[in-house]
Amino acid sequence: MGLLQFLKSQFLCHLIMCYVFLVSGLIVNLIQICTLPLWLVSKQLARKINIRLAYCIASQMVAALEWWSGTECTLYTDPKRYPLYGKENAIVVLNHTFEIDFLCGWTFCERFGVLGSSKVLAKRELAYVPVIGWMWYFLEIVFCKRKWEEDRTTVAQSLQKLRDYPENYWFLLFCEGTRFTPKKHQFSMQIAESKGLPKLKYHLLPRTKGFYVTVQNLRGTAAAIYDSTLNFRNNEVPTLLGIINGKKYHADLYVRRIPLESVPEDEAECAAWLHKLYQEKDGFQEQYAQTGHFPGPIMSPPRRPWSLINWLFWSCVVLYPLGLLIAQMLSSGSVLTIAAAVVVCSAVSMGMRWMIGQTEIDKSSNYGIKAAPLNNN
């Protein structure tokens with residue numbers, strides 16, 4: 001282990017990273033609150049400001065992946081479709097297998113210049129998570145309760161609001177609804193057998209109703225489906241904690257651009273189309289398992305410096321006053337003051353560890369087991 005890698009694995013470095021992310025994130029959240037009156041005057045201007053503010057938060061996580069851990073991201077795609085990425089609205093269908101699959105999705109959003117405006121269909125509980133959840137609220141992220149009777153209307157209304165969005169965006173959609181685990185996969189394949197659907201080896205059955213509502217409400221706004229299949233080399237199982245420890249991974253992403261008009265408008269036909277898509281995705285994963293690569297040429301966009309610049313900027317903004325405060329506390333020699341500082345540091349560490357815990361596979365929801373009979377087509 002080199003000196004740099006040793007430093008990256010140290011708790012003090014992690015604590016500093018956590019402090020920068022949390023404090024800068026809360027500052028951005030406060031600025032977002034200050035934009036509330038602007039929504040009444042100019043909604044489009046408020047949106048553009050919040051896109052930049054959201055980038056200030058999300059790009060710090062991308063910087064941790066790209067610049068801190070040095071994780072490499074390789075894109076397999078059609079060279080003829082490559083020039084369109086980032087220049088049109090799109091629905092990105094991702095497999096939900098790894099703890100950092102959302103972060104890899106954000107990384108490609110960043111490389112094509114749509115990170116600040118990217119959207120997701122997220123569970124309602126995430127809206128209450130500090131920094132990320134609060135940022136998403138102002139970014140008009142689509143939240144759902146995972147109760148279809150209630151979600152059908154609210155999700156459709158939220159998607160309709162995006163029809164006049166002022167900048168290009170990608171809508172990241174995990175159609176499986178929950179992260180892959182062996183137990184959920186076993187249960188999902190039981191559902192497939194009972195419904196006469198082909199079994200999948202590397203995916204859960206997709207939840208077609210949310211996909212159908214998304215496609216129907218974004219027709220005429222989104223130009224295409226980006227079918228995206230993610231995997232990692234050498235059978236790696238990456239974690240967010242590994243990224244923070246500076247561990248390097250290598251992500252491979254296979255992307256197919258499918259024009260949105262090729263998706264059937266009838267709900268039953270749309271469901272059948274999505275099931276077929278996931279059978280194809282399963283085939284791509286099988287090929288990757290056998291050969292170590294996806295089909296097609298490599299067209300990897302280079303990482304951009306902006307996420308690193310943003311990270312360094314916020315580090316300077318929040319660490320300088322912290323350094324002055326620590327120097328003052330040490331010079332005072334007050335035991336009470338030092339003890340208070342230790343408590344604050346511990347709180348920051350626990351808060352960040354809790355946020356990381358929301359991404360861990362063993363902490364994922366039971367949605368794939370409890371809701372499957374109700375929501376699968």
Side-chain angles (χ1 to χ4, degrees), residues 17-39 43-66 68 89 92 94 99-145 154-155 158-159 161-162 165-174 240 243-244 304 306-315 317-318 348 351-359:
M17 290 177 64
C18 294
Y19 175 81
V20 171
F21 180 77
L22 288 175
V23 175
S24 64
L26 292 173
I27 291 173
V28 171
N29 288 159
L30 179 60
I31 298 173
Q32 288 180 306
I33 293 174
C34 294
T35 68
L36 284 173
L38 185 59
W39 287 84
K43 182 174 75 170
Q44 298 297 60
L45 178 59
R47 282 171 156 176
K48 290 182 178 181
I49 292 174
N50 275 282
I51 287 172
R52 275 75 189 171
L53 292 173
Y55 182 85
C56 290
I57 296 175
S59 67
Q60 289 189 54
M61 299 186 68
V62 171
L65 180 77
E66 291 189 319
W68 179 260
N89 295 335
V92 181
L94 285 161
E99 289 184 9
I100 65 167
D101 44 21
F102 78 97
L103 187 51
C104 291
W106 277 8
T107 297
F108 283 100
C109 287
E110 154 61 20
R111 294 192 181 191
F112 288 103
V114 294
L115 176 60
S117 57
S118 63
K119 314 293 179 188
V120 295
L121 179 62
K123 57 184 179 182
R124 171 65 62 179
E125 293 82 357
L126 293 177
Y128 306 106
V129 176
V131 183
I132 295 292
W134 299 346
M135 170 195 77
W136 277 352
Y137 175 82
F138 287 94
L139 203 57
E140 299 172 89
I141 291 297
V142 180
F143 292 105
C144 63
K145 296 181 178 179
T154 56
V155 169
S158 297
L159 290 167
K161 292 177 182 178
L162 300 179
Y165 208 72
E167 298 188 16
N168 291 329
Y169 63 85
W170 290 357
F171 192 94
L172 277 59
L173 192 61
F174 295 102
L240 188 54
I243 295 298
I244 293 177
R304 307 192 310 166
W306 308 118
S307 61
L308 178 61
I309 292 172
N310 174 74
W311 192 17
L312 294 175
F313 167 77
W314 283 108
S315 296
V317 168
V318 303
V348 170
M352 196 64 185
R353 187 63 187 84
W354 175 80
M355 293 177 69
I356 293 172
Q358 305 310 300
T359 71

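Note that the coordinates shown come from a computational prediction; the quantities given were computed from them, not determined experimentally.
For the atom pair Leu26 CG and Met135 CE, the distance stands at 12.5 Å (nearest 0.5 Å). Once rounded to the nearest 0.5 Å, the distance linking CZ of Phe313 with OG of Ser59 reads 11.5 Å. Annotation: the span from Thr154 atom OG1 to Phe143 atom CZ amounts to 11.5 Å, rounded to 0.5 Å. Going from atom CD of Glu167 over to atom CD of Gln44 covers 9.5 Å, rounded to the nearest 0.5 Å. Atom CD1 of residue Ile27 and atom CG of residue Leu22 lie 11.0 Å apart, to the nearest 0.5 angstrom. To the nearest 0.5 Å, atom OH of residue Tyr55 and atom CG of residue Leu53 are 13.0 Å apart.
Annotation: side chain of Leu45 is in contact with side chain of Leu38 (closest heavy-atom distance under 4.5 Å). Contact of the Phe171 side chain with the Asn89 side chain is not registered, since no non-hydrogen atoms from C-beta on lie closer than 4.5 Å. Put simply, the side chain of Lys161 does not reach to within 4.5 Å of the side chain of Tyr165, judged on heavy atoms. Taking the side chain as every heavy atom from C-beta outward, Ile31 and Cys56 never approach each other to under 4.5 Å. Residues Ser307 and Glu66 meet the side-chain proximity criterion, which asks for heavy atoms closer than 4.5 Å. Annotation: side chain of Asn29 is not in contact with side chain of Phe138 (no heavy-atom distance under 4.5 Å). The shortest distance between side-chain heavy atoms of Gln32 and Asn50 falls below 4.5 Å. Put simply, the side chain of Phe174 does not reach to within 4.5 Å of the side chain of Leu121, judged on heavy atoms.
Looking only at distances, a side-chain donor or acceptor of Arg304 sits under 3.5 Å from a matching main-chain atom of Glu110. The closest donor-acceptor contact from the side chain of Ser117 to the backbone of Asn168 lies under 3.5 Å. The backbone N or O of Phe21 sits nowhere less than 3.5 Å from a side-chain atom of Trp314 that would complete a donor-acceptor pair.
Here the shortest heavy-atom pairing between Gly25 and Ile57 reads O-CD1, 4.0 Å. In this structure, Gly105 and Leu94 approach most closely via the heavy-atom pair CA-CD1, 4.4 Å. Contact between Pro37 and Cys34 at its shortest, heavy atoms only, is CD-O, 3.3 Å. Shown here for Ile141 and Ala122, the closest heavy-atom pair between the two residues is CG2-CB, 4.3 Å. Considering all non-hydrogen atoms of both residues, Gly116 and Leu139 come closest at O-CD1, 3.2 Å.
Taking the charged nitrogens against the carboxylate oxygens, Lys43 and Glu140 have no contact shorter than 4.0 Å, which rules out a salt bridge.
Between the side chains of Trp306 and Asn310, not a single donor N or O lies within less than 3.5 Å of an accepting N or O. If you check the side chains of Gln60 and Ser24, you find a donor sitting under 3.5 Å from an acceptor.
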* **Worked check of side-chain contact (heavy atoms from CB on, under 4.5 Å) between Val92 and Leu173** => CA-CA 6 Å; Val92 181; Leu173 192 61; over 6 Å; no
* Can you check side-chain contact (heavy atoms from CB on, under 4.5 Å) on Ile132 and Leu126, steps first, answer last? -> CA-CA 8 Å; Ile132 295 292; Leu126 293 177; over 6 Å; no
* List the steps and the verdict of side-chain contact (heavy atoms from CB on, under 4.5 Å) for Trp311 and Met17. => CA-CA 10 Å; Trp311 192 17; Met17 290 177 64; 3.9 Å; yes
* **Verdict with supporting geometry, Trp106 and Phe102, ring-ring contact (aromatic ring centres under 6.0 Å, His included)** => CA-CA 6 Å; Trp106 277 8; Phe102 78 97; 5.6 Å; yes
* What do the steps show when you test Ile244 against Cys18 for side-chain contact (heavy atoms from CB on, under 4.5 Å), and what is the final call? -> CA-CA 10 Å; Ile244 293 177; Cys18 294; 5.5 Å; no
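Atom OH of Tyr137 sits in a sparse spot, with 12 or fewer heavy atoms from other residues, nucleotides or ligands closer than 6.0 Å.
In this structure, the ring of Phe112 has its center less than 6.0 angstrom from the ring center of Trp170.
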